[in-house]
Enquirer: 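Please find one structure pasted underneath; my questions will follow.
Nothing fancy with the numbering, it's 1 onward along the sequence.
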Amino acid sequence: MTKTLIQALSTGRTGTNFLSQAFVDQGYNAYHENVYVGEPIAAVHAYTNYLGDLWKQDPQAYYQLRDNFSGPFVRSVLNEMRVVPARRPWEQRKNWLANRLHHMRLKRTNEVLINLGNHMSLAPPLIDRSLAEVGVYIKYIILFRNPLRTIHALYKVEEEHAYRHRPQRFFTGNGYMAAAQIWKHYYACFLDLRDKLGAERFALLELEAFNADATHREGIFDFLGLALDSARLERFIEGTMRAPIRQSKTPSVRNSDLYKDLDFSFDDQQMDEIAQAIEPVASQLGIDLAKSLIEYRTFHREEKQSLMSA
């Protein structure tokens with residue numbers, strides 16, 4: 001089997017922790033974060049911000065750029081593919097013996113590495129060339145969820161720090177519309193990457209569809225060339241969805257930034273303003289914005305209080 005990196009492209013705050021654990025539960029070597037071993041994360045943020053600004057200002061220069069920024073990431077990927085890490089996700093679960101036997105049957109391979117972290121999401125042209133030179137094939141997942149939820153999370157978590165980890169040319173100002181602009185520019189960049197690097201290597205993964213639609217899940221695994229234990233994945237999703245939403249900044253596969261401000265939600269005027277700003281890109285992703293608005297409104301007005309105490 002050809003060594004393959006499966007790289008997710010996202011803004012973050014899109015369910016990356018949940019998905020990484022879902023893949024680990026299936027027996028694959030998947031990471032939410034911490035694949036990268038190299039420069040301090042602040043330096044990575046600074047450079048990827050530069051890459052985003054370069055794409056926005058001069059796309060041709062962005063795609064033609066040659067430098068060694070991807071070197072530490074490539075070395076980390078190759079190291080992961082040489083040795084299967086002694087990670088034991090079943091140890092935190094009940095019925096650990098059954099889980100261990102399941103993973104033994106899968107004969108976990110180091111030929112495939114799944115990186116759900118978003119730190120390298122603006123660097124595909126660099127990592128693409130570097131990994132091709134050492135014989136590693138890359139498949140990309142453009143990962144997204146309800147854009148209102150993602151923009152909500154970006155706004156509540158990052159606005160107080162003036163979105164310092166985001167490319168400056170991706171937004172203006174410092175309010176909720178800045179978060180909407182950030183979302184729009186990231187996904188416009190990802191769609192452009194798909195056009196330039198080869199659409200056959202890209203798949204769209206919508207988190208809500210992945211959780212609710214077995215056909216969507218099967219399509220993703222087929223695209224990735226990975227075996228799928230459908231019943232096991234269904235149990236994992238159902239178990240996660242029954243868990244309460246986290247109320248503090250703690251490790252959890254139950255993705256939520258509500259702990260920042262439980263009572264906040266966008267009002268109807270703000271939602272309409274956001275929808276108007278992101279509609280062209282959302283349409284290209286196949287997102288039904290009218291449905292997204294209804295889902296967001298229903299969650300905040302009818303569901304979230306009960307989920308906090310589930």
Side-chain angles (χ1 to χ4, degrees), residues 3-37 41 44 73 76-77 79-81 83-93 99-100 102-103 106 108-121 123-124 127 136 138-146 149-150 153 157 186 190 202-212 216-221 223-230 232-243 245-246 249-257:
K3 289 185 181 295
T4 302
L5 170 67
I6 297 166
Q7 175 67 51
L9 306 179
S10 80
T11 58
R13 313 194 187 285
T14 51
T16 52
N17 192 10
F18 161 75
L19 281 173
S20 69
Q21 291 305 310
F23 280 115
V24 168
D25 193 65
Q26 288 284 307
Y28 297 110
N29 192 16
Y31 280 86
H32 165 224
E33 294 173 342
N34 302 323
V35 168
Y36 182 93
V37 179
I41 194 62
V44 174
F73 178 75
S76 298
V77 168
N79 184 61
E80 283 292 320
M81 289 180 167
V83 180
V84 178
R87 302 170 69 217
R88 299 181 177 182
W90 57 81
E91 289 181 348
Q92 296 180 357
R93 293 178 167 273
N99 281 280
R100 183 168 186 174
H102 169 78
H103 283 264
L106 282 173
R108 186 169 170 172
T109 176
N110 64 344
E111 298 292 304
V112 175
L113 173 65
I114 305 170
N115 181 28
L116 278 296
N118 70 303
H119 299 316
M120 303 298 286
S121 286
I127 63 175
V136 176
I138 307 180
K139 292 182 178 181
Y140 293 99
I141 295 171
I142 299 178
L143 169 63
F144 60 96
R145 62 169 173 162
N146 182 322
R149 288 195 176 212
T150 305
V157 178
Y186 267 86
F190 301 154
F202 285 72
L204 300 178
L205 194 164
E206 181 180 7
L207 184 66
E208 289 85 359
F210 186 87
N211 288 344
H216 186 62
R217 294 194 289 269
E218 291 166 2
I220 293 295
F221 275 79
F223 165 77
L224 298 177
L226 302 178
L228 169 63
D229 184 332
S230 298
R232 186 178 183 87
L233 183 53
E234 187 72 35
R235 288 194 298 271
F236 180 87
I237 292 170
E238 289 179 357
T240 301
M241 292 301 101
R242 285 196 301 268
I245 291 175
R246 69 188 186 199
K249 181 61 176 175
T250 57
S252 170
V253 298
R254 186 69 160 107
N255 187 62
S256 173
D257 294 303

Enquirer: I need the Glu238 CD to Asn211 CG distance, nearest 0.5 Å.
Expert: 11.0 Å

Enquirer: Applying side-chain contact (heavy atoms from CB on, under 4.5 Å), run through Thr16 and Ser10 and close with a yes or a no.
Expert: CA-CA 9 Å; Thr16 52; Ser10 80; 4.1 Å; yes

Enquirer: With a 4.5 Å cut-off on side-chain heavy atoms, are Leu233 and Leu228 touching?
Expert: yes

Enquirer: What pair of heavy atoms forms the shortest contact from Thr11 to Phe190, and how long is it?
Expert: N-CE1, 4.3 Å

Enquirer: Are Arg13 and Val157 close enough that some pair of their side-chain heavy atoms sits under 4.5 Å apart?
Expert: yes

Enquirer: Step by step, work out the side-chain contact (heavy atoms from CB on, under 4.5 Å) result for His119 and Ile41.
Expert: CA-CA 8 Å; His119 299 316; Ile41 194 62; 3.7 Å; yes

Enquirer: Excluding sequence neighbours, so at least two apart, what forms side chain to side chain donor-acceptor pair (under 3.5 Å) with Asn146?
Expert: Glu295

Enquirer: With heavy-atom distances below 4.5 Å as the criterion, would you say the side chains of Leu224 and Ile141 are in contact?
Expert: yes

Enquirer: Apply side-chain contact (heavy atoms from CB on, under 4.5 Å) to residues Ile220 and Leu226 and explain how you reach the verdict.
Expert: CA-CA 9 Å; Ile220 293 295; Leu226 302 178; over 6 Å; no

Enquirer: What's the spacing between Ile6 CD1 and Asn115 CG if we round to 0.5 Å?
Expert: 10.5 Å

Enquirer: Answer yes or no: is there a side-chain heavy-atom contact under 4.5 Å between Met120 and Phe73?
Expert: yes

Enquirer: Hey, what's the ring geometry for Phe221 with Phe23, parallel, tilted or perpendicular (30° and 60° as the breaks)?
Expert: tilted

Enquirer: Can you check salt bridge (charged side-chain N to carboxylate O under 4.0 Å, His left out) on Arg145 and Glu208, steps first, answer last?
Expert: CA-CA 6 Å; Arg145 62 169 173 162; Glu208 289 85 359; 5.7 Å; no

Enquirer: Determine whether Leu113 and Tyr31 make a side-chain contact, defined as any pair of heavy atoms from C-beta on separated by less than 4.5 Å.
Expert: yes

Enquirer: Rounded to the nearest 0.5 Å, how far does OG1 of Thr240 lie from CG of Leu19?
Expert: 10.0 Å

Enquirer: What's the separation between atom CE in Met81 and atom CG in Asn29, rounded to the nearest 0.5 Å?
Expert: 8.5 Å

Enquirer: If you compare all heavy atoms of Gly117 against all heavy atoms of Gln7, which two are closest, and at what distance to 0.1 Å?
Expert: O-NE2, 3.4 Å

Enquirer: Answer yes if the side chains of Gln26 and Asp229 hold a donor-acceptor pair under 3.5 Å, and no otherwise.
Expert: no

Enquirer: Can you say whether the rings of Phe210 and His216 are parallel (under 30°), tilted (30 to 60°) or perpendicular (over 60°)?
Expert: perpendicular

Enquirer: Would you say that Ile237 contacts Phe18 through its side chain, given a criterion of any heavy-atom pair below 4.5 Å between the two side chains?
Expert: yes

Enquirer: Could you tell me if the side chain of Leu9 sits less than 4.5 Å from the side chain of Pro124, heavy atoms only?
Expert: yes

Enquirer: Counting distance only, does the side-chain N/O of Arg217 pair as donor-acceptor with the main-chain N or O of Ser230 below 3.5 Å?
Expert: no

Enquirer: Going by side chain to side chain contact (heavy atoms under 4.5 Å, CB included), name the residues that satisfy it together with Ala212, two or more places apart in sequence or in a different chain.
Expert: none

Enquirer: Would Lys139 pass as a cation-pi partner of Phe202, given that its NZ or CZ must be under 6.0 Å from the six-membered ring centre and within 45 degrees of the axis?
Expert: no

Enquirer: Looking at every heavy atom in both Ser20 and Ala30, which two are closest together, and how far apart are they?
Expert: O-CB, 3.7 Å

Enquirer: Rounded to the nearest 0.5 Å, how far does CG of Leu143 lie from CG of Asn118?
Expert: 9.5 Å

Enquirer: Do Val112 and Ile114 come close enough that some side-chain heavy atom pair is under 4.5 Å?
Expert: yes

Enquirer: Atom OH in Tyr186, atom OG1 in Thr150: separation rounded to 0.5 Å?
Expert: 12.5 Å

Enquirer: The criterion is side chain to side chain contact (heavy atoms under 4.5 Å, CB included); which residues satisfy it with Glu33, sequence neighbours excluded?
Expert: none

